[in-house]
Each structure stands twice: as C-alpha cells, then as structure tokens.
Visitor: 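Next up is a structure, given as structure tokens.
Heavy atoms only: backbone and side chains are in, while hydrogens, waters and symmetry mates are out.
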Protein chains: 2
Amino acid sequence: MLKKERHDYILNLINRDNRIYVTSLSNELGISDDTLRRDLTELDNKGLLTKVHGGAIAKSGISIQFTDRINTAMDKKQQMASKVIPLFKNGDVILLDGGTSNLAVIRQLPKELELSIFTNSFPIINELFNHTNIELNFLGGKVFSSSQVTVGVTVFQALQTINPDWVLVGISDVHPEKGLTCPDRDEALIKRAMIERGNKRLILADSHKLNTARTYQVASLEEIDYIVTEDNKIDYIKNNWPKYSYDVI
Amino acid sequence: MLKKERHDYILNLINRDNRIYVTSLSNELGISDDTLRRDLTELDNKGLLTKVHGGAIAKSGISIQFTDRINTAMDKKQQMASKVIPLFKNGDVILLDGGTSNLAVIRQLPKELELSIFTNSFPIINELFNHTNIELNFLGGKVFSSSQVTVGVTVFQALQTINPDWVLVGISDVHPEKGLTCPDRDEALIKRAMIERGNKRLILADSHKLNTARTYQVASLEEIDYIVTEDNKIDYIKNNWPKYSYDVI
DNA sequence: AGATATATTGCGGATATATGCAATTTTAAA
DNA sequence: TTTAAAATTGCATATATCCGCAATATATCT
C-alpha cells in the first residue's frame, strides 16, 4: 500500500467517524504504530486533521471536501508554503493578508513556533485560534464579505502602528514591468500599505498568472524582497526578469 | 474514547445545558470521577468553562463552535432573541459583543433588514458574511482565542469613534446591587466601554444566573435601558428589583 | 544499468501521558 | 456543628509517544 493511499484511507475514516485510534488502525493496516503516527503528523501539518494523544480527530469547524484534498492547486500552494516556514524565527512579527496561499502558510506553522501575527483575514484567525504560542492581532475595519477580510481607512490606520519583521502578501498577477497588480482597488490599497510597513516583503505568487496584469498596481518588483513560486517556475522568472534584486525561493 | 473527544463532548453538554455534574457524567461516559475532574480542570484552565464544586458551568461570553445541536438552552436563547428583533429599524447602527445570546439574535435577523453592525466577535461576523443588506464592521485588536473576540486598547479606541443606536451586551451575572459583572477583567472593560457608547443599552441576561455576581463590574443597573430575560424570570425581576428604571422584556 | 542519494519503515529503549485507586482533606448543606 | 459527598493528592500501572538507528525501498543521476 502506497503512502498516499494510506493517507487517503485515513482521511476517509476521519471523514466518516470523526476520529481514529492509532493502535487499532495500525493493526488494521498492517503497519507499525510509528508509521501511522508519522502519517498523522504529516496530515496534521497539512491541516487535514488534528492529531491527539491516542489517535486523531476531524478538524473542528471546516468539513473538508474530499475533492479539495486531491486538488493539485492546493498541493502546490502547500509546497510554496513549506518554503516560507523556515524563514520564521521565534519572536518574529508577521503581517499577512487574506488569500489561500497565506492560509496554506498558516496551516503549516509548527505549533511550537512563537510568533506575533497581524492580519485582516478572518479565515486566518479561524485557523489560529488554538495555536497557543501565537499572539494574534486582528486589523479591524469594514468587512469585505466576499473575500472575508477587512478593508478601508480603519485597516489603513491600524497598519500605521505596526512594524512587522515579515509581510506576506498573496498576489495572483505578477508582471515584469507592471509589477504586482490586482483587480480590486480597496484590496490593492491595503496590500500596498502592508508592503510599505514590512521589514522583509514576501510575495506568494500563483505561478499560473505570471506575466499577467490587472487594473490596480500594488507594488513594483523592486519593492519586494522574496517572491515565492512553485518549483517549476523558478527558472522561468530568473531567466526572464533578471534585473531585479529579489530572491526567488 | 479519546481524551479530546471527551473534552468536545463535555463542551457540547456545557453549551447545551450550561452545566454538568461530575457524578452523573462520569457514569454516562464510563470513566472515573477523577478523570472527569481532571478534564474539567484542564478545560477550566483553557478558559472554556468554570469548574465548580460538583461539576462545571458555562463561562460567560464564550461562544463555542459546536453549533450542531438544537437544545433547550439554545431554545431559550432564541426566545430571548426574538424579543429583541422587533426593536430594530432600517438604518439602525448596532454594536454587539460576543456570547451565545448575541449570536442567537444575529441568527434571527431578517435578511431584508438594513443595518450597520459593529462587533468584536468572530462568530458573529461569520454568521453575517452572506447578509447582503448589512454593513459589517469589525473592531480590531488583540485576539482572545478562548472567547473568539478581540480585546484590549485597540478595541477601546475603535469604540470611541462610533455612536450606535443600540448596544447589545450579553451578561451571565446580574445582581440587584452589584449590577452586571463578569469574571474577566479585559472582557469587563470592553463591555463597559461598549455600554458607554450606546444610545439605547440592552442587556441579554442568562436568567439562571440572576442574583449572582463576579469580580469585575461592567455596569450598574441604572445605566441599562432594557433587560431581556427568559419568560419565567420577568416577574421575578419586576417584583424584586423595582427601583431601577430599565424595562424588562 | 549501475551507483548514489533520498525517503520510508520498523524496532528498541527512554520518556511522557492517561487513568484509576486509596488515603486524606475540603466543601457545602442539613 | 455535624456529616456525607466531593475534591485533592500521591502513587502504580498501562499505554502512547518520541528518538535514534539500521534496513529496505524508491528516486535520481551519470
């Protein structure tokens, strides 16, 4: 049985029963407890279940659609996210906006990492409620329901009071000349304000939209320190946009 | 049964009945009293319930995410909520704090009612994401994970800028002399600040805790315009606390 | 193909956690 | 104040987890 098959099997069980026990399941599958525990640790880190003493239980709140898990886009986002995690050290202050890429990063944060996180995204807060080592701060403002974030002047003002070590901004449209753009004005303004506050600025780029541009500019490429992409697109960026000083990781 | 499952089960019961008894529940679960007591101690330390002699009771201000079951306690909260709804008119600005009572009000808001809502409660925002006629504003600040609200100076500042027509505050402990009290200092300060901002002040009182008091005072009864209770307690309040100027509805 | 990295797995021992029992202390209600 | 129920404490035991290591399997490269 392949590891991947096992993972699917485990997730199916979790989906059906809301829990699994290490000892009984390892027997059923004919593998050692250790292997199963390692599986559970992995799936926990991906945010697909919650590992507890004796087994694992379904994650509270969100019911995971089986199809979403196989979703390769999310797998790629998780790859991206895993490149970012090692950058963070205990005590770092991190500012994040909304978007699934940032959510993927949050889901992979080790439980023991001590961070201070500022965000205007409700899903991100939701994901962090039971990380005890993280000090959470929410940037209040007008609620933009469709994106599940806050926007507007209040967020702007709140941003002026913080100086994060890291800013993570998810951007779908990246273009060599036009830089980072997005289709909504309010969103662009907030993203820009965030980037201006950060010590190190990190862009999570959906690679399938490299070389595209939208109406509102968030920032130029010069203002960015790191651009994170999926593996296969790194060379592409390096070869074609060699004139800027950012690192591609 | 996993420990975590037990904890979830306990929290569900607390959410439904507002109390549990050690002896009967340990029997029901087939575990020793000791184990259950240890569970309760843990959950108390996490701030999810209040351990008392003989069992545990629900903590004020907590909105627990186990919304799956309809139950008697919630039925009563819904009764309370339905008394509040008729007060609101199109265009009203409403300020709400966290807690299951307020959540019950929010759930009953007619979709066509046009309101502007300010809150520091994540569950309330979550409930309102797809009410198109409501303008939503979130009061940012330090996230208090166990209650799923924001607290602290930032919330305080944000409150200073608004003048709501209505303030709805959930309070579990109401006492004729000591007024409205709650067990957490930050929470008390925020509730107080909210009450000070409102034009009309409305208290949703969990009636089973009438005549009790906690450490931190939120407000005196004179400062309140309406107290909402469950049916059977109205007469009690009217007869026993006749010297104040609030309406009991 | 063959050689070399990388990943996965199971095992043993050290450590940590969960649980029930018994003895003692505390609590609250008559 | 008295008394029975409830809570706490220390302890023993069973179970679960973690860690390093070696064996095996799988992937990658020349």
Side-chain angles (χ1 to χ4, degrees), chain A residues 1-11 13-14 17-46 48-58 72 75-76 78-79 81-83 85-86 108 110-113 130 132-133 230-232 234-235, chain B residues 1-11 13-14 17-46 48-59 173 183 208-209 211-214:
Chain A
M1 193 178 206
L2 295 169
K3 199 173 89 161
K4 172 75 179 160
E5 285 182 274
R6 239 172 29 227
H7 285 195
D8 284 348
Y9 188 83
I10 293 167
L11 290 170
L13 282 185
I14 286 278
D17 303 335
N18 282 311
R19 80 172 150 260
I20 60 117
Y21 304 108
V22 170
T23 318
S24 63
L25 184 54
S26 64
N27 268 326
E28 186 184 329
L29 292 174
I31 56 173
S32 73
D33 288 8
D34 297 72
T35 303
L36 181 52
R37 282 198 197 97
R38 277 186 274 244
D39 286 344
L40 296 179
T41 309
E42 247 180 89
L43 294 170
D44 189 341
N45 289 336
K46 282 188 187 169
L48 298 172
L49 48 75
T50 304
K51 192 168 172 290
V52 297
H53 193 98
I57 58 170
T72 50
D75 271 1
K76 284 183 180 171
Q78 281 168 8
Q79 279 177 26
S82 64
K83 298 185 204 168
I85 303 287
Q108 290 192 28
K111 290 257 195 272
E112 64 275 9
L113 197 56
N130 33 20
T132 46
N133 288 323
E230 304 149 30
D231 282 322
N232 53 339
I234 292 180
D235 291 333
Chain B
M1 193 177 207
L2 297 167
K3 196 173 86 158
K4 173 73 179 164
E5 280 185 276
R6 238 171 31 225
H7 286 192
D8 287 350
Y9 188 83
I10 293 167
L11 289 171
L13 284 184
I14 286 279
D17 305 334
N18 282 310
R19 93 189 112 248
I20 61 118
Y21 300 103
V22 169
T23 319
S24 62
L25 184 53
S26 65
N27 267 326
E28 185 185 329
L29 292 173
I31 56 172
S32 73
D33 289 8
D34 302 73
T35 303
L36 181 53
R37 285 200 192 95
R38 275 186 276 244
D39 286 344
L40 297 180
T41 310
E42 249 180 88
L43 293 171
D44 190 342
N45 289 337
K46 281 188 190 167
L48 297 171
L49 48 74
T50 304
K51 193 167 173 293
V52 296
H53 194 94
I57 55 173
K59 223 185 153 177
D173 301 282
H208 67 279
K209 284 186 195 162
N211 274 325
T212 61
R214 299 303 198 95

Visitor: Find the distance A:H53:NE2 to D:dC18:C1' and express it as a whole number of Å.
Guide: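 Computing the A:H53:NE2 to D:dC18:C1' distance gives 12 Å.
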Visitor: Rounded to the nearest 0.5 Å, what separation is found between the CG atom of A:L11 and the CZ atom of A:R6?
Guide: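 A:L11 CG to A:R6 CZ: 12.0 Å, rounded to 0.5 Å.
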Visitor: Output all residues satisfying salt bridge (charged side-chain N to carboxylate O under 4.0 Å, His left out) with B:K46, sequence neighbours left out; order by chain, then residue number.
Guide: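 For B:K46, no residue satisfies salt bridge (charged side-chain N to carboxylate O under 4.0 Å, His left out) once neighbours in sequence are set aside.
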Visitor: Under 4.0 Å, heavy atom to any atom of DNA chain D: which of residues 20-37 of chain A qualify?
Guide: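 Contacting residues: A:V22, A:T23, A:D34, A:R37.
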Visitor: Please identify each residue that fulfils side chain to side chain donor-acceptor pair (under 3.5 Å) with B:D34, with sequence neighbours left out.
Guide: none
Visitor: Taking N or O atoms only and anything under 3.5 Å, show me the protein contacts with nucleotides 22-27 of chain D, one pair per line.
Guide:
none

Visitor: Measuring to OP1 and OP2 of D:dT8, would you say a side-chain N or O of B:K51 lies under 4.0 angstrom away?
Guide: yes
Visitor: I need the B:L13 CG to B:R19 CZ distance, nearest 0.5 Å.
Guide: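 B:L13 atom CG to B:R19 atom CZ measures 11.5 Å (nearest 0.5 Å).
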Visitor: Within this structure, what is the CD1-OG1 distance for the pair B:I14 and B:T50, rounded to the nearest 0.5 Å?
Guide: 8.5 Å
Visitor: Looking at A:L49 and A:A56, what are the two nearest heavy atoms and their distance?
Guide: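 Answer, listing the atom of A:L49 first, then A:A56: CD1-CB, 4.0 Å.
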Visitor: Quick check: do A:L36 and A:T23 have side-chain heavy atoms less than 4.5 Å from each other?
Guide: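 No - every pair of side-chain heavy atoms lies 4.5 Å or more apart.
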Visitor: Give me the first and last nucleotide of DNA chain C, going 5' to 3', that has any atom under 4.0 Å from a heavy atom of chain B.
Guide: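 So the contact region on DNA chain C extends C:dA18 to C:dA28.
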Visitor: Please report the end-to-end axis angle for the helix from C:dA1-D:dT30 to C:dA30-D:dT1, five pairs per end, rounded to 10 degrees.
Guide: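 Between the first-five-pair axis and the last-five-pair axis there is 50°.
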Visitor: For the atom pair CG (A:L43) and NE2 (A:H7), what is the distance rounded to the nearest 0.5 Å?
Guide: 5.0 Å
Visitor: According to side-chain contact (heavy atoms from CB on, under 4.5 Å), who are the partners of B:E28, at least two apart in sequence or on a separate chain?
Guide: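 B:Y9, B:L25.
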Visitor: Who passes side chain to side chain donor-acceptor pair (under 3.5 Å) against B:K51, sequence neighbours left out?
Guide: none
Visitor: Going by side chain to side chain donor-acceptor pair (under 3.5 Å), name the residues that satisfy it together with B:R37, two or more places apart in sequence or in a different chain.
Guide: none
Visitor: Within this structure, what is the CD1-CG distance for the pair B:I31 and B:D39, rounded to the nearest 0.5 Å?
Guide: 5.5 Å
Visitor: Go through the structure and list residues passing side chain to side chain donor-acceptor pair (under 3.5 Å) with A:T35, not counting sequence neighbours.
Guide: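 Only A:S32 meet the side chain to side chain donor-acceptor pair (under 3.5 Å) criterion with A:T35.
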